[in-house]
Amino acid sequence: MEYIIITIGFALTIFGLYGILSQKNMIKIIIGFSLFTTGINIVMVAIGFIRGGTAPILDEAGKEIGKYVDPLPQALVLTSIVIGLGVTALMLAYVMKLYQDKKSLNINDYKDLKW
Amino acid sequence: MGKKTMIALITLALAFVIYPLYQSYNGSETLKDVGQYYIDNGVEETGAQNLVTSVVVTYRGLDTLGEVTILFLAASVISFFLSFSKNDRIKSRSIRSVTEILTTSTQVLVPMIFMFGVYIFVNGHLTPGGGFQGGAVIASGIILMFLSNPRFKLSHKVIQFVESTSGIVFVLIGAAGALMMDGDFLSNKIPGFGFGEVGSIISAGAIPVIYTFLGLKVGAELSNVLGVFVESQSEK
Amino acid sequence: MVGPIYIIAIALGLAFFLGFFGKSLKDVSAFLMLAGLAFMTFISGQWLLAFFNGSVTTQEIFTAGFRPPYSINLRMGYEEAVMTTMINVIGFLGGVYMFKRLKEVGNSAMSVFIVLIMSLNVIVMTRDLFNLFVFVEIGSIATAGMIILEKNSKSLQAGLKYLMATGVISGLLLIGIIFAYYFAGSLNIDGIITAHVGVTKAGAVAVFLIIAVLVLELKPFPANGWGLDVYQSAKPGFGAIVSAATATAGLYVLYKVLPMGGETWYPYIVLIGLITFVGSNLVGTRQKDANRLLGYSSIGQIGLVMTVIGLQPILGSKFSFIAFALLLNHYLAKAGLFWLSGIIKKEKISDWYVLRKNKALLILFVIFIFALIGFPPFPSFFGKYELIMSLVSTENIWIAVLILLGSFAEGIYMFKWLGDVLKDEDQTEESLNISWNKFIPIVIVGVSLLAAGFYSTPYVEGAHYFYFIPLGFIVFMGLIDFLPAYVKNTLSIAGMTYYSYIIYPLVEGDLMRTIFFVIFMIGGILTLIVGYNKKGKREGFYPVALMMYAGLATILTSDSMFGFFFGWELMTAGSYFLIIRGKRSKPHAYSYMLFSVAGAYLILLGFAFAYTSAGTQDLIALKDIAVYTTLAYTLLAVGFMTKTASLGLHIWLPGAHGEAESDVSPMVSAILLKAGVFGLMLLFLYMGQQTGETLLFVLGWVGAFTALVGNLAAVFQEDAKRLLAYSSIGQLGYILFAIAMMTQLGWLAGFTYVINHFLFKAILFIVVGGIVVRTGTHNLYQMGGLLKKMPFSFVAVLIGIITLAGIPPLSGFAGKWLFYNAVVLKGWYIQGVIVFFAGSIAFMYAFKLIHSIFLGQLKDNHRNIKELSPAILIPAYILIGGIIYFSAYPQNVLEPIGNMLSAYFPATVDWSGDGLATTVLSYWNGNAVLIIIVTTFILVLAYLKLITGKTTKLEQFNIAYSAERPFRPETTHVSYNMFAGLNKAIGFLIAPGITRFWKNISDMVLDLAGFIRRLYSGNGQVYAVHIIIYIVIFYFISLG
Amino acid sequence: MLIVLASVLGIASMVGAYFAIHSKSLTVAIIATGVVSLISSILFLLLAAPDVAMTEASIGSALTSAIFFLTLNKIRQTNG
């Protein structure tokens, strides 16, 4: 199962990256980022998975099984998700402001700085 | 060769680069040293039975502090945009007709949502969830308020106050650890916060306190971000 | 001691605390921000001090009270203390600088700023990979926020591009980190290092991703369009932070994580750094926007430090000093330049001439530019010197060459910029609006640069604090620049006299050095006397003139390669400023500088090879070099020949010498050129015996052709000063030819030429320069008939050209006599004929010069012209005294030289007779020749005087044809196009082919730069594609 | 059983990702992103990570989509 999930994770990462690099619409690009980070998060959690392990909560139910998955990658992913939200919100704010300026969502229209 | 094909090829090339990582993944039967250490000693050392929480709040507390800072930064930077041009900030948003049902149900739901959020972060050391999840739930309550009442305006002062206070408390608790516990920043073994009995609400030293303020802070920050987005909805 | 953890606590606590403050309390919050930054600086500073004193050892800070790898740990060691102090200082100064803007935007901006600085501190200190990731993200978001302090569409676009690029980068970093954890079982950098994850393919890929991402954070060329946009569009105040503080942190992180991959990664970092350094500077040559140009330069400099980081295993114990010197230099200079940009508020570099409104800022600008190019006494000079020496001595020659190429490319645009600032037409009346909070940070970094240079001294073999004594005097002269010229002139002469007195013992035993000591120091004092002629304050003249002489003195007195090179660069810088003072000197000073810098780099390489072979920095070691002999010899020779303006490398000279101020021309022509000759003589004397005949043969030919072309070009000049300038090229050709013969006679001739050229060229330039000022024209055909108005000048010029043309009885003839003897003995007949022919051409321009100025018809507008002032004539006549003495008693000078030379060459001249020099071919008696000729001359003159009564005196008349003035009156002047026939016959020889050659090369470079920079299409998405391509290529190079 | 579930979710998320990137309508794209995010939170549950699943569902899915929609709304208003 974890093999399938990590495959999904990698696939989403690459797919998201393709979206970032290929889409002209800036909202779509940010969607690409969203998929990209989601994919990476899946990979990270999958890395910490232990076959037959349960959530690392050592309450009565958990102690019965006695085998836990690694809590560390999960903690990292928590951080990563929140960072992802911050970055996404920031990018969207930029896009919103840029749109007011030129009334376009096409990234090709924002090339005032070059060379 | 089209542009999209080329980009697809470039992306595939990157996929090729990271393919060895994918290939090397072969599941795991045993934990890494660090993970095993947390399982073995986590409860004893931090008093929290949810080990993700003890890692987030204690072992890797500095990361979490950074994470809160990122949200704080995002909210601050987004608020720059408002000061970009003053006219942008229109007093009232477009008034759409809001159904009676939504309004009424919001009045009932929002306090419950808030309660739920608080529940999540207060119990962060016991059950899944914690400051971030609770904060997010609170923020979703705020969204609902925006949706149901077009004239609803976020009190920036209150939000600012909650955000700043909880942020400072977080830092102060961290610094208290550094001052009292021989330079251990963000330690949860601060005098006055007992470990209590593992599994009860009052346990795990400073973790529930930190997580509560963390939840408040995250909730305030997320609400702030949302508020900025909502308030910049202007009629032109 | 306050723990480093409080840097985080203070910054974050303050950032959150500012949220309480409303808009009304902005002043308080701004004050708090500065206080917070100051406290952070204090914390890191006290650690730095403690480490410096050795009172503490490296501290590990465990957060949450657990050991790594179970929790995050930070480290405060000496290196971390240095880096965090650098970051916090620039943070504090930047806060002061941007004070008003931050206050305007509000509390949130201040919070963002302080959090940014804090995050950079943590990036430096943390030993945990994921923590590193979190704080890198904080840095990115804060940066994206600070970009839009400049509220315009461009900065918004730059911000989005930056977020996109860092978003892609950090995603890949996360993949690398999690797999590093997967393979190493730890997130701790030290844990990963000890786990050696790189041994498996997948582990290597994980490490690769981490390293590649950290490299990309440093904006390597060419995957750095997003970084350039940030530099261009952000507030300059913030650009300084990105360039200085963020880069410092980024470089340190790279240095910190590189051991994760093991030794194999270092070469790739060198490669990336080199490509960045050379490529970024190359593309920068086409840039017109000041901030973007600074961006290119920043990225280039960061690339250089990256190279050094990659070279760590090679540099060994010297690594720390080199890396730190280069980093510190970039950090201070770039922050200063960005901050200046914030005051200037001009986008185009060509508009920066407003800087001239404020002398202090102008000087600071100059300091920053020279520091960046690596001139003494700045830390980069010491760093680059050590770097090149170490690279060559470890056989990494190509790296050294590429570093010098990149530095040269940086020089191309930096000196262009400097020229624009110093000389561009002033088109506005607007004055600079400078507030104290912006001014003081710039002064602090400027002064720190000087101090840092001073304190670099003990780290470099061969460097002495002694070299800083004249620099101190120069600074003093700069401080009293408001005094009138004559006061400063007197002080300068006094200073130079005293310094000459101090250094004389150092050169006393060495005859060759003594001769050049006389030329440099006594000549310098004499040419300074001419300065009494100048009215007003003459702002900026004395410090730079003294800088040149200080450089010359250092060259003379140093016994180490380092000292020589130090002096050489100092002299170059000083002479550049002297030359650019001329009215139309901008392009000439520019090309002078480019040739000089290129020449200096050749010299540096030559020294490096010599050092490699000899194993010591002593100049004397040049004498016995076992390997690289020819290579070192050639590099040094060509390097020195840029200064002596040998054929091919001469195109800067005519303009530079011709357009310079009237008393600067003699300095640069009569004195400065001799520095190149001194270098050549030193080289030939020490190494000439070891190298093959072929090279000397080639140099001989070069000398011969230089003489021919220089003299021929002089003949066709209409501009009096350019004529003299070309004549210098020709004369230096003789010298090169003479010493390339490597015989005693040849060298005697060479020395005679050196002394003569110094004497007569000083006289001619002093006097002709004075006349040019008096008549208000450079053109010979606009002068004439000045004989009666300026008789003393006439005599001076007459004696000058007699010496120049080598006519008996004066010492010029002595040179010729020795020369032809030498040629015949050596057997270089064909070259000898060419030189002989060149010599006869010298007659023609000598005649043209004196005839056009003094003879013929007096121009109407010169009727009331007066004789030159004594300030000009006295030094000229003192020099004439020198010529007479040398002509009458040549043996007094030449005999000791001959004796000295006999240590190197078989003796071929016999001085046994009183004043009689004998070779196997002929003999020559200076005193006798002088006496005979002077007697004859007096007899003829007396006879002419007797028959004067019989001559008819003609009235002056105007030229008019049929009552019309000619269309171009100058064409009817006898001296206009005087030697038209000769021009028709052999004028093609001086067709500007060489100028065209250099122009083609420079066009090619600029075209290449223009082609490459099309990569920077402006599209943020394309930049993201660049990043991915970069990673893929990097992967295939390193792991594929 | 879990394998089948994971596979189905995988296919669903791929379809969602395809729509997120290739859909002509931005609204559809944003909803598709939210769906992918929700699916990923189920995957997190499968991987025994309830904390992450909660976070992903509340932040990654709900709040992110909300911000996307608010932006879209704003852009439409600016247009109109």
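Basis for what follows: all heavy atoms, side chains included, without hydrogens, waters or symmetry-related copies. Proteins come first, then strands; the chains are lettered A, B, ... in the order of their sequence lines, and each starts at number 1.
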Start with the C-alpha gap between B:Q133 and B:V218, add the side-chain angles, then the distance that decides, and say whether side-chain contact (heavy atoms from CB on, under 4.5 Å) holds.
-> CA-CA 9 Å; B:Q133 297 88 336; B:V218 170; over 6 Å; no
Kindly determine whether B:K4 and A:Q23 satisfy side-chain contact (heavy atoms from CB on, under 4.5 Å), including the steps that lead there.
-> CA-CA 9 Å; B:K4 292 225 165 169; A:Q23 298 301 309; 4.0 Å; yes
Yes or no on side-chain contact (heavy atoms from CB on, under 4.5 Å) for B:L126 and B:N50, after CA distance, side-chain angles and deciding distance?
-> CA-CA 5 Å; B:L126 304 175; B:N50 183 351; over 6 Å; no
With side-chain contact (heavy atoms from CB on, under 4.5 Å) as the test, would you mind laying out the steps for B:L216 and B:F121 before giving the verdict?
-> CA-CA 9 Å; B:L216 287 174; B:F121 56 65; 4.3 Å; yes
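Shown here are the side-chain contact (heavy atoms from CB on, under 4.5 Å) partners of A:I14, two or more places apart in sequence or in another chain: B:T11, B:A15, B:I18. The side-chain contact (heavy atoms from CB on, under 4.5 Å) check on B:I10 picks up C:V1025, C:I1028, C:I1029, with sequence neighbours excluded.
Only the backbone of B:T30 comes within contact range of chain A, with at least one heavy atom under 4.5 Å from a heavy atom of that chain. With a 4.5 Å cut-off on non-hydrogen atoms, A:T7 touches chain B through its backbone and its side chain both. In this structure, chain B has heavy atoms under 4.5 Å from both the backbone and the side chain of A:Y94. When heavy atoms are compared at a cutoff of 4.5 Å, B:L222 approaches chain A solely by way of its side chain, counted from C-beta outward. No part of B:E221 comes within reach of chain A, as not one of its non-hydrogen atoms sits under 4.5 angstrom from that chain. In this structure, chain B has a heavy atom under 4.5 Å from the side chain of A:F10, while its backbone stays farther away.
Top candidate by heavy-atom pairs under 4.5 Å with chain A, chosen from B:V225, B:T53, B:L226, B:I70, is B:I70. The greatest number of non-hydrogen atom pairs below 4.5 Å with chain A, out of B:A136, B:P128, B:A74, B:S28, is found for B:S28. Contacts with chain A were tallied for B:V43, B:V34, B:I39, B:V56; B:I39 has the most, counting heavy-atom pairs under 4.5 Å.
Minimum interatomic distance between B:L51 and B:G42 (heavy atoms only, all atoms of both residues): CD2-CA, 3.8 Å. Of all non-hydrogen atoms in B:S223 and B:A139, the two that sit nearest each other are OG-CA, 3.9 Å. Closest heavy-atom contact between A:D109 and A:S104: OD2-OG, 2.6 Å. Of all heavy-atom pairs spanning B:F213 and B:S166, the tightest one is O-CB, 3.2 Å. Across all their heavy atoms, A:P56 and B:V52 have their closest contact at CG-CG2, 3.6 Å.
Classification of the B:Y19-B:Y22 ring pair by plane angle, with boundaries at 30° and 60°, yields tilted. Using the six-membered ring where Trp is involved, B:Y38 and B:Y59 have ring planes that are tilted, between 30° and 60° apart.
By a heavy-atom distance cut of under 4.5 Å, A:A46, A:I47, A:F49, A:I50, A:R51 are the residues of residues 38-52 of chain A near chain B, going up by number. Residues of residues 86-93 of chain A that come closer than 4.5 Å to chain B, counting heavy atoms only, are A:G86, A:A89, A:L90, A:L92, A:A93, ordered by residue number.
Tested against A:Q100, the residues A:K97, A:K102, A:K103 include a single side chain to side chain donor-acceptor pair (under 3.5 Å) partner, A:K97.
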